[in-house]
Amino acid sequence: MIGNKSRTRTPVVSSLSLTAVLCHFLVNININGNVNINGNGNVNGNNNNSVHVQAFTFIPNTMKTVQFNLNSNTAQNEKINPNLNLNLNLNLNLDGNTRMTRKKVTKKNKIRTAKLSSSTSSSLYSSSYEFDSDESSEQIIADEGQSSSSSSSSSTMTLDTTNGADTTEATATATAATSPPSTSFSKFDSVLEEVGLKDQVSSVIMEEISTKKRIVSRDDIFCNRELNMSGLRAIGFDMDYTIVQYKQPAFDKLAFDGAKEKLVHDYGYPAELLDVEYDHTFWVRGLIIDTKRGNFLKIDRHKYVRVAYHGFTPISQRTRKDLYSRFFNQVPSFSEKQYVNMDTLFQFVDASLFATLVEMKDRGADYYTSADGDADGETDVDDMGTSMLDFKTYDEIYRDIRQCVDLCHRDGVIKDEVARNPEKYIVLDDDFIPMMKKFREDGVKVFLLTNSYWEYTSDAMNYLYHQKDVDKETKLRNEWVDLFDLVVVGSCKPAYLLDPYLNLFRVNPQDGSLLNTDGVFEINALGENGAQKFLDQGTIFQGGNWKHLTAMLEIEAGEEIMYVGDHLYSDVLRSKRTLGWRSVFIMPELPEEMETFYKQQPNQRNIQKLRKLRDELSLYADTIRQDSDLNDPEIQNKLAQIQSDDEKVKGKLKEMALAYHRAFHPIWGMMFSAGYQDSRLAYFVTNYACLYTAKATNLGLASTNRSFRTSGEALPHDKLLSDEMSFFDDSE
């Protein structure tokens, strides 16, 4: 089993922080102990003594004993003890390009590359938040009691390494490029020149990054909340539709067909249901099911219903507004029990079955077949298996569907078939094993947290690990487990993230049997290194809760854990809002949405321009009404002309917007938009997913030193003022 890795937490000192790590690098040191590290990782001193630092942990504000091997090249060529112990105050002048080379200290412990961070957080420890000084302007003002302009313009930062004794000011400026200024076009030239940085940054680097368009691919990771990967100590993964991706519609069809059989033979639903084929293309993620009315809704971030279907039948605009908008004091929050959020691809099966049975119930006798096979179209006493729909509410129908689909996940209808023919249902991913190994080697603890039970988890993960179906003996070895520090199956999320009293069981991987544990109490009873002793007995568990997880991982702060999952509520929202974990949302359908968005950019830009034109027409008309005599025939004609022009633009906009949304999906339109507003899906992704991407292994394409930054947010007044065709009238 791969050994456990741990990461050292680092105090933040003044406005410059160093990650505390074991360092191994060649330096030059002068006699008084002042070390100047240049951009190449070398140290320029006042003499030629070459100092080889074997290994040490640098903690700012501390005295550190460092053992050096000195090879003297001074003029006197004096003799120096090669094992001399020096007790030094290290005052470091560091430039922005400094990197210290990583050294493998032991076979089971690789150290992350030491790096500089411009964080100005007042926190005592490194954090996955607030790693950029420009994102901490408010805190700088509060800490220093000075204007943000003076803070941001200051190029001098003091690094206090003397516990309150003497300090040395260090100038943290980038090394000027030695190469001649680039004459080629750079998209950052103007801003660098305006802020006075053009002659201070490397023209070579600027040319390399500025003369090319940024490539955006289906493998990109997108950021809603700043995230510093080096501030993470553990990364967790869900399994289904996260680490293990499924082939559509083959995988969902197992649940759909299995649930149909149960509904007809066990619950007495119409036999015609067996003839219905599964069509996953009708649905998109982010819809809401109104189980009380049999409706499917797409709402915007303001909870306004933009489009609605009853079963597979569209609801008229007037009916939709009467049902969901025309209230005085009873506006629905869509969090009531009757509403179910389609937050995961698994729910497409529920939606298809529910819409089908809503149609059957509404159409009545058209679907009825008598118990003796007589399709007489009449609902008499003998039509026992069919007329039952008349006596069931929509909500009862939905509950029956839920029970049947859940049972398919538990009784072998799905997992047994996947175990027999995994190649038909599971998508292989060559990047899975390299990603997991890289995280472990870089000192990040990795765990699996899934609602699937052990037997199915073992089958799916073995196939993904070996890239093929293997024999029973190989499966029983469960070699894939060595990729994780910890595996939790049958977790019952979201309860796992909410209920601190759920019991933890140890799983025997050979037969799936369970053994009771005392969880956190048992870990504490084991004394020093109790978590490691507890895991030495086995790393596979079932159930439990978040307290067990953090105790076993020896993690105290939620922000040190990042969890990756596909369920917007159970994986992302709950882990983020309840526990403060960093979150990554997995959307396999994202690449298709991105491709369509890119192709539709010309149409989208024209739509935005025409909307601005309508706004200008409205503003112009309002100005005329305010300043003119409305009885003047000339004014009336002008207002009529404005209204006529606006109607023409509106008509064209309607046509263009319809084509734009249909390009994404012929029924529901763009997933992340509802009308011209963000959809409910976009709202929750933006607010609760720190990062989002198409597949989990995209995280392996980024280093564990990567910093993700947001593109910034703006309110309408900011957007309007930033428009190149706008200007600000500051007259009172």
Side-chain angles (χ1 to χ4, degrees), residues 238 240-242 246 248-249 251-253 255-256 259 278-301 303-315 320 324 332-359 394-395 397-406 408-409 451 493-494 565-574 585-590 592-593 661 664-674 678-689 692:
D238 183 26
D240 297 303
Y241 278 116
T242 301
Y246 295 107
Q248 290 288 4
F251 180 75
D252 282 359
K253 197 171 184 299
F256 186 82
Y278 177 60
D279 180 14
H280 71 291
T281 63
F282 187 87
W283 309 103
V284 295
R285 195 195 299 254
L287 303 179
I288 291 179
I289 305 174
D290 182 348
T291 62
K292 182 179 179 180
R293 299 185 177 97
N295 296 342
F296 298 84
L297 319 173
K298 181 181 179 182
I299 70 175
D300 64 22
R301 68 187 183 96
K303 302 178 183 178
Y304 181 81
V305 179
R306 291 286 178 176
V307 62
Y309 274 69
H310 180 73
F312 293 109
T313 305
I315 297 176
R320 166 170 56 85
Y324 299 107
S333 67
F334 298 102
S335 59
E336 293 86 356
K337 190 176 180 179
Q338 74 184 73
Y339 298 108
V340 175
N341 300 313
M342 291 178 60
D343 289 332
T344 177
L345 299 181
F346 276 127
Q347 290 171 302
F348 285 16
V349 171
D350 301 41
S352 289
L353 287 169
F354 189 46
T356 298
L357 289 172
V358 166
E359 295 283 343
Y394 294 124
D395 185 63
I397 292 173
Y398 183 80
R399 288 204 301 269
D400 288 345
I401 292 170
R402 264 287 68 235
Q403 291 172 5
C404 290
V405 173
D406 273 346
C408 288
H409 285 281
N451 282 357
K493 293 174 298 180
D566 74 294
H567 197 297
L568 190 54
Y569 178 79
S570 296
D571 295 331
V572 175
L573 186 149
R574 270 294 135 227
F585 184 42
I586 301 301
M587 291 189 65
E589 63 270 45
L590 182 60
E592 185 177 350
E593 191 87 355
H661 277 277
F664 290 91
H665 193 277
I667 297 167
W668 304 104
M670 191 177 181
M671 270 196 302
F672 293 107
S673 292
D678 285 347
S679 65
R680 169 196 168 275
L681 175 67
Y683 171 82
F684 281 104
V685 170
T686 301
N687 282 275
Y688 295 104
Y692 64 98

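Scope of the values below: all heavy atoms of this structure, side chains included, with no hydrogens, waters or symmetry mates. When a residue number appears, it is its place in the shown sequence, counting from 1.
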If you measure from [atom1] on [X] to [atom2] on [Y], what distance do you get to the nearest 0.5 Å?
X: Asp406; Y: Phe346; atom1: CG; atom2: CZ; result: 11.0 Å
X: Phe348; Y: Tyr278; atom1: CZ; atom2: OH; result: 6.5 Å
X: Trp668; Y: His661; atom1: CH2; atom2: NE2; result: 13.5 Å
X: Tyr398; Y: Leu357; atom1: OH; atom2: CG; result: 12.5 Å
X: Thr291; Y: Ile401; atom1: OG1; atom2: CD1; result: 10.5 Å
X: Ile288; Y: Tyr324; atom1: CD1; atom2: OH; result: 9.5 Å

- Only one of Asp290, Asp395, Asn295 clears side-chain hydrogen bond (donor to acceptor under 3.5 Å, both in side chains) with Gln338; which?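 Of the listed residues Asp290, Asp395, Asn295, the side-chain hydrogen bond (donor to acceptor under 3.5 Å, both in side chains) partner of Gln338 is Asp290.
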Measure from the side-chain N and O atoms of [X] to the backbone N and O of [Y], and report whether any donor-acceptor pair falls under 3.5 Å.
X: Gln347; Y: Thr344; value: yes
X: Arg301; Y: Ala682; value: no
X: Thr242; Y: Asp566; value: yes
X: His567; Y: Leu573; value: no
X: Lys298; Y: Ser673; value: yes
X: Glu592; Y: Leu590; value: no

Do the non-hydrogen side-chain atoms of [X] and [Y] ever get within less than 4.5 Å of each other?
X: Tyr309; Y: Ile667; answer: yes
X: Arg285; Y: Ser679; answer: no
X: Phe296; Y: Phe354; answer: yes
X: Leu297; Y: Tyr339; answer: yes
X: Ser352; Y: Phe282; answer: no
X: Leu353; Y: Val405; answer: yes
X: Leu568; Y: Leu681; answer: yes

- In terms of heavy-atom contacts, does OH of Tyr241 have more than 12 from other residues, nucleotides or ligands at under 6.0 Å?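 Yes, OH of Tyr241 has more than 12 neighbouring heavy atoms, counting only those of other groups under 6.0 Å.
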Contacts of [X] that satisfy salt bridge (charged side-chain N to carboxylate O under 4.0 Å, His left out) - sequence neighbours left out:
X: Asp400; result: Lys392
X: Asp343; result: Arg680
X: Asp238; result: Lys493

Write down the atom of [X], the atom of [Y], and the distance for their closest heavy-atom approach.
X: Leu345; Y: Asp252; answer: O-OD2, 3.7 Å
X: Ala259; Y: Cys408; answer: N-SG, 3.4 Å
X: Val284; Y: Met342; answer: O-CE, 4.0 Å
X: Pro249; Y: His280; answer: CB-ND1, 3.4 Å
X: Tyr688; Y: Val572; answer: O-CG1, 3.3 Å

- Strictly by modelled atom types, are Asn341 and Tyr569 linked by a side-chain donor-acceptor pair under 3.5 Å? no
- Under 3.5 Å side-chain donor-acceptor pair for Tyr246 and Asp240: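 Checked: Tyr246/Asp240 side chains pair up, N/O donor to acceptor below 3.5 Å.
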- Message: For His310 and Tyr394, I'd like to know if the aromatic rings sit close, meaning centre-to-centre distance below 6.0 Å.
- Response: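 Under 6.0 Å, so yes.
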- Task: For the pair Met670 and Glu593, evaluate side-chain contact (heavy atoms from CB on, under 4.5 Å) and give the outcome as yes or no after the intermediate values.
- Result: CA-CA 8 Å; Met670 191 177 181; Glu593 191 87 355; 3.3 Å; yes
